[in-house]
Each structure stands twice: as structure tokens, then as C-alpha cells.
S.K.: 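Got a structure for you, questions after.
In this chain, residues are counted from 1 in sequence order. What you see is a predicted model; the values in this text were computed from it and never measured.
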Amino acid sequence: YDRYIQTDASINMGNSGGPMFDLNGNVIGINSALISPTGANVGIGLAIPAELAKPVIDSLRRGQRPQRGYLGVGLQPLDENIAASLGLPKDQGEIVRSVVPGEAAARAGIQQGDVIVKVNGQDVNPDQTVSYLIANTQVGARVPVEIIRDGRRQTLTVTVGQRPTEEQLAQQAGGGSAEGTPGVPGGSAGSVQTLGMTLQALTPEIAARANLPAGARGVLITAVDPASAAAEEQLRPGYLILSVNRQPVTTPAQVAAAVEAARRAGRTSVLLLVKAGTGPEAFVGIDITPR
């Protein structure tokens with residue numbers, strides 16, 4: 001949620017927190033970091049812009065804890081494959097991969113899979129992310145958030161919350177691991193191959209053999225062709241596919257049918273919602289063009 005000034009003025013060890021001046025003596029930044037493989041300055045430094053530091057300084061002067069706006073969502077950029085699967089332009093918006101219950105986004109009706117394209121009238125892009133726009137919005141402000149859901153644009157009004165501490169955010173994340181699940185059973189009757197993956201329906205027996213938690217849902221990946229598009233997107237045996245193009249799946253046949261439907265519709269990729277081990281759910285766009 002921050003931005004930095006990159007400078008070739010010397011920022012040395014111990015300079016953090018000191019002012020960065022322009023040639024007229026104006027404070028334009030607060031020295032924050034240096035890039036150095038050895039600990040010595042190599043001519044690349046980073047400073048927090050003064051206009052971003054000022055609200056924090058003002059809060060401290062009033063004896064208050066600095067506040068940052070908070071939406072309560074996990075976000076992913078629209079890379080080429082995710083954007084293509086949704087029929088949207090690349091890098092124009094961010095997709096919501098998770099929503100924290102009870103926080104500002106959930107209360108406003110934002111859902112997993114929504115694409116946030118504008119916050120308070122400002123476009124969302126890699127240089128102006130949702131996190132940056134919300135973090136620099138006053139806590140308690142009511143702002144319009146424009147989303148795309150199932151191809152339709154709509155605007156929701158969000159009452160901006162207060163960003164929790166880093167410790168609280170870590171507890172929300174749950175410390176889950178994104179590593180693959182050990183003990184993945186091999187292919188068996190009923191398995192299907194698509195997109196370079198071997199898929200298996202998730203029965204209680206298979207879930208137990210794969211060391212998956214009780215209540216796990218979705219379709220299990222049991223093998224991945226190293227030369228496939230799925231492997232390029234870092235999908236591994238043990239991952240669960242929860243949905244394809246935002247439609248929940250429970251059988252390999254449903255996954256294969258959704259991929260074929262996307263091909264017939266002229267799409268170049270499909271959108272998978274996957275879960276790795278106890279890590280968070282995430283969207284992955286998979287190229288489905290002939291290879």
C-alpha cells in the first residue's frame with residue numbers, strides 16, 4: 001500500500017527515518033531503504049514520499065495511532081491468462097480471491113471472483129492497486145467500488161474499515177502452507193486427463209489417503225505433465241480444483257466439460273480456483289490454445 005521514491009542520492013546504513021531534501025531545501029521524502037548486496041551504498045536508495053508520510057506524522061502529533069483504510073479482501077492482478085479467461089483486458093483491475101467475513105468488503109456485498117476495476121472513481125491498475133487506493137482513503141469514508149461480476153459491471157458502496165495490525169493479518173491468513181499435499185494417491189478408475197493434468201474425484205477414502213482435511217471439496221490433481229500449461233502455472237499433484245470459470249466442480253468430467261465449453265466459445269484460457277494444502281485459495285488462468 002506504499003509508494004517509494006527511487007534515488008541515486010546516498011542513503012547509508014543508519015539514514016533510515018532521516019529527511020530527503022530537494023535542492024531548495026524542501027523535505028520531499030523520508031529515507032527508508034538502500035539496495036546493497038554488501039551493506040554499503042551502491043547508489044540506489046528508496047524514500048517514502050513526504051505526502052504519504054505527512055498523515056502519519058500528523059496522527060502521531062495528535063497522540064493517535066496512524067490509520068490506514070482496509071477492505072478485507074485477498075487480491076490478484078489480472079495477468080494475461082486470467083484476463084483472457086474472463087474476456088477482460090490485461091492489468092485493468094484485480095480479481096478478488098478471498099473475502100474476510102465481517103469486514104468492509106463482505107458487508108458491501110463484494111464476492112470471491114469479482115474483478116475490482118475502480119475505487120472512488122480511480123482506475124485500478126498495476127501502478128494504482130486496490131490496496132494502495134483503499135489504504136490511503138480515510139477510515140469510515142463511504143466510497144463507490146466498481147466491479148465486474150459474471151461479465152456485468154456494477155457499483156457497490158463500501159464503508160472503509162481500519163487496517164488491522166500485521167499480527168492480526170497473519171492470524172487471519174492462518175499461516176497456511178501453499179506446498180502440495182503429501183501422499184497423493186495415483187490414478188485409478190474414474191480419473192480423467194485434461195490440460196496436461198490427471199484428475200480424480202474426491203471421495204472420503206482418497207481425501208484420507210491424500211491427508212486432506214475433513215470437509216475438503218473439489219477435484220484432486222494426481223499428476224501433472226511437466227511440459228503442460230498447468231505445469232507452467234505451478235500446479236502440482238495434491239492441489240484441489242474448486243471451480244472452473246467460477247462454476248464449482250466435484251468431478252473430473254465437469255472440469256473437462258468446462259474446458260471444452262471454453263474452447264467452443266473461442267476462449268484462449270480457463271479460470272481455475274485452486275487450493276494448495278492448507279494455503280489460501282487462488283485463481284489461476286490456464287492457456288487452452290493448441291500447443
S.K.: Measure across Ala223 and Pro237 and return the closest heavy-atom pair with its distance rounded to 0.1 Å.
M.R.: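 Here Ala223 and Pro237 meet closest at CA-CG, 4.0 Å.
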S.K.: Does Ser269 use its side chain to pair, donor to acceptor, with the backbone of Asn81 at less than 3.5 Å?
M.R.: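 Flag set: sc Ser269 to bb Asn81 pair under 3.5 Å.
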S.K.: List the atom of Ala104, the atom of Gly161, and the distance in Å for their closest heavy-atom pair.
M.R.: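 Where Ala104 meets Gly161 most closely, the heavy atoms are CB-N, 3.9 Å.
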S.K.: Quick one: are Arg246 and Arg149 in side-chain contact, heavy atoms under 4.5 Å?
M.R.: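 Yes, at least one pair of side-chain atoms sits under 4.5 Å.
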S.K.: Taking atom CD of Gln122 and atom OG1 of Thr137, what is their separation to the nearest 0.5 Å?
M.R.: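 Here the interatomic distance stands at 7.5 Å.
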S.K.: Do the non-hydrogen side-chain atoms of Pro144 and Asn120 ever get within less than 4.5 Å of each other?
M.R.: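 A side-chain contact under 4.5 Å exists here.
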S.K.: Work out which heavy atom in Arg263 is nearest to a heavy atom in Leu195; give both atom names and the distance.
M.R.: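 So the two residues come closest at NH2-CD2, 4.1 Å.
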S.K.: Which atom pair, heavy atoms only, marks the closest approach of Asp123 to Leu133?
M.R.: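 Taking every non-hydrogen atom into account, O-CD1, 4.1 Å.
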S.K.: Could you state whether Ile48 and Val56 fall into the same hydrophobic cluster, counting links through intermediate Ile, Leu, Val, Met, Phe, Trp or Tyr residues with side-chain heavy atoms under 4.5 angstrom apart?
M.R.: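 No: no chain of side-chain contacts under 4.5 Å links Ile48 to Val56.
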S.K.: Give a yes or no on this: more than 12 heavy atoms of other residues, nucleotides or ligands lie within 6.0 Å of atom CD of Glu80.
M.R.: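 Result for CD/Glu80: open.
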S.K.: Consider side-chain contact (heavy atoms from CB on, under 4.5 Å). Of Val73, Val130, Leu71, which one does Val96 pass it with?
M.R.: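 It is Val73; the other options fail the test.
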S.K.: Could you tell me whether a side-chain N or O of Asn24 sits under 3.5 Å from a main-chain N or O of Asn26, the two making a donor and an acceptor?
M.R.: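 A pair under 3.5 Å: no.
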S.K.: Are Tyr70 and Val160 packed together at the side-chain level, in the sense that at least one heavy-atom pair is separated by less than 4.5 angstrom?
M.R.: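 No - every pair of side-chain heavy atoms lies 4.5 Å or more apart.
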S.K.: So if you build clusters from Ile, Leu, Val, Met, Phe, Trp, Tyr with side-chain heavy-atom gaps below 4.5 Å, do Tyr4 and Leu52 land together?
M.R.: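 As far as the 4.5 Å side-chain criterion goes, Leu52 and Tyr4 are connected within one cluster.
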S.K.: Would you say Arg62 has more than 12 foreign heavy atoms packed within less than 6.0 Å of its CZ?
M.R.: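 More than 12 heavy atoms, drawn from other residues, nucleotides or ligands, come within 6.0 Å of this atom.
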S.K.: Once you round to the nearest 0.5 Å, how far does CZ of Arg264 lie from CD of Glu260?
M.R.: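 Answer rounded to 0.5 Å: 5.5 Å.
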S.K.: Going by an N to O cut-off under 4.0 Å, is there a salt bridge joining Lys54 and Asp58?
M.R.: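 Result for this pair is yes, salt bridge flagged.
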S.K.: Can you check whether Val139's main-chain N or O pairs, donor with acceptor, with Gln67's side chain at less than 3.5 Å?
M.R.: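 Absent.
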S.K.: Please determine whether side-chain contact (heavy atoms from CB on, under 4.5 Å) holds for the pair Leu88 and Val115, giving the CA-CA distance in whole Å, both sets of side-chain angles, and the decisive distance to 0.1 Å.
M.R.: CA-CA 10 Å; Leu88 298 175; Val115 176; 4.0 Å; yes
S.K.: Which pair of heavy atoms, one from Thr159 and one from Gly140, lies closest together, and at what distance?
M.R.: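 For Thr159 and Gly140, the tightest heavy-atom pair comes out as CG2-O, 3.8 Å.
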S.K.: When you look at CD of Gln138, are more than 12 heavy atoms from neighbouring residues, nucleotides or ligands closer to it than 6.0 Å?
M.R.: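 Count not over threshold, so no.
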S.K.: Which residue is it: Leu242, Leu240, Leu202, Thr250? I am looking for the one with a side-chain contact (heavy atoms from CB on, under 4.5 Å) to Arg217.
M.R.: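 Output: one option passes, namely Leu242.
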S.K.: Considering non-hydrogen atoms only, spot the tightest contact between Pro226 and Ala231 and give its length.
M.R.: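 For Pro226 versus Ala231, the nearest heavy atoms are O-CB, 3.5 Å.
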S.K.: How far does OG of Ser32 sit from CD1 of Ile5, to the nearest 0.5 angstrom?
M.R.: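 Interatomic distance, Ser32 OG to Ile5 CD1, rounded to 0.5 Å: 10.5 Å.
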S.K.: Rounded to the nearest 0.5 Å, how far apart are CE of Met197 and CD1 of Ile221?
M.R.: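 Between Met197 CE and Ile221 CD1, I get 5.0 Å after rounding to 0.5 Å.
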S.K.: Nearest 0.5 Å, what's the CE-OG1 distance between Met20 and Thr7?
M.R.: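 So the CE of Met20 and the OG1 of Thr7 are separated by 4.0 Å.
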S.K.: Heavy atoms, side chains only, cut-off 4.5 Å: are Gln92 and Leu78 in contact?
M.R.: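 No, too far: nothing below the 4.5 Å cut-off.
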S.K.: Under 4.0 Å between a Lys/Arg side-chain N and an Asp/Glu carboxylate O for Glu281 and Arg97?
M.R.: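 Salt bridge flag = no for Arg97 with Glu281.
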S.K.: Looking at Arg142, I want to see if its CZ is surrounded by more than 12 non-hydrogen atoms of other residues, nucleotides or ligands under 6.0 Å.
M.R.: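 Not buried by this count: 12 neighbours or fewer within 6.0 Å.
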S.K.: Applying the side-chain contact (heavy atoms from CB on, under 4.5 Å) criterion to Ile95, which one of Leu86, Asp114, Ile148, Leu75 satisfies it?
M.R.: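 Of all the options given, the one that passes is Leu86.
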S.K.: Has the side chain of Arg68 got a donor or acceptor atom that lies under 3.5 Å from a matching backbone atom of Asn136?
M.R.: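 Pair absent, no side-chain N/O of Arg68 close to backbone of Asn136.
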S.K.: So, taking the atom named CD1 in Ile286 and the one named OG1 in Thr268, what distance separates them when rounded to the nearest 0.5 Å?
M.R.: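 Going from CD1 on Ile286 over to OG1 on Thr268, the span is 12.0 Å.
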S.K.: Could you check whether any side-chain N or O of Asn245 sits under 3.5 Å from a backbone N or O of Leu271, counting only pairs where one atom can act as donor and the other as acceptor?
M.R.: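 Side chain of Asn245 to backbone of Leu271: a pair is present.
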S.K.: Would Gln112 and Leu273 count as a side-chain contact (heavy atoms from CB on, under 4.5 Å) here? Give the steps.
M.R.: CA-CA 10 Å; Gln112 183 184 60; Leu273 179 64; 3.4 Å; yes
S.K.: Answer yes or no: is there a side-chain heavy-atom contact under 4.5 Å between Leu272 and Leu235?
M.R.: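 Yes, at least one pair of side-chain atoms sits under 4.5 Å.
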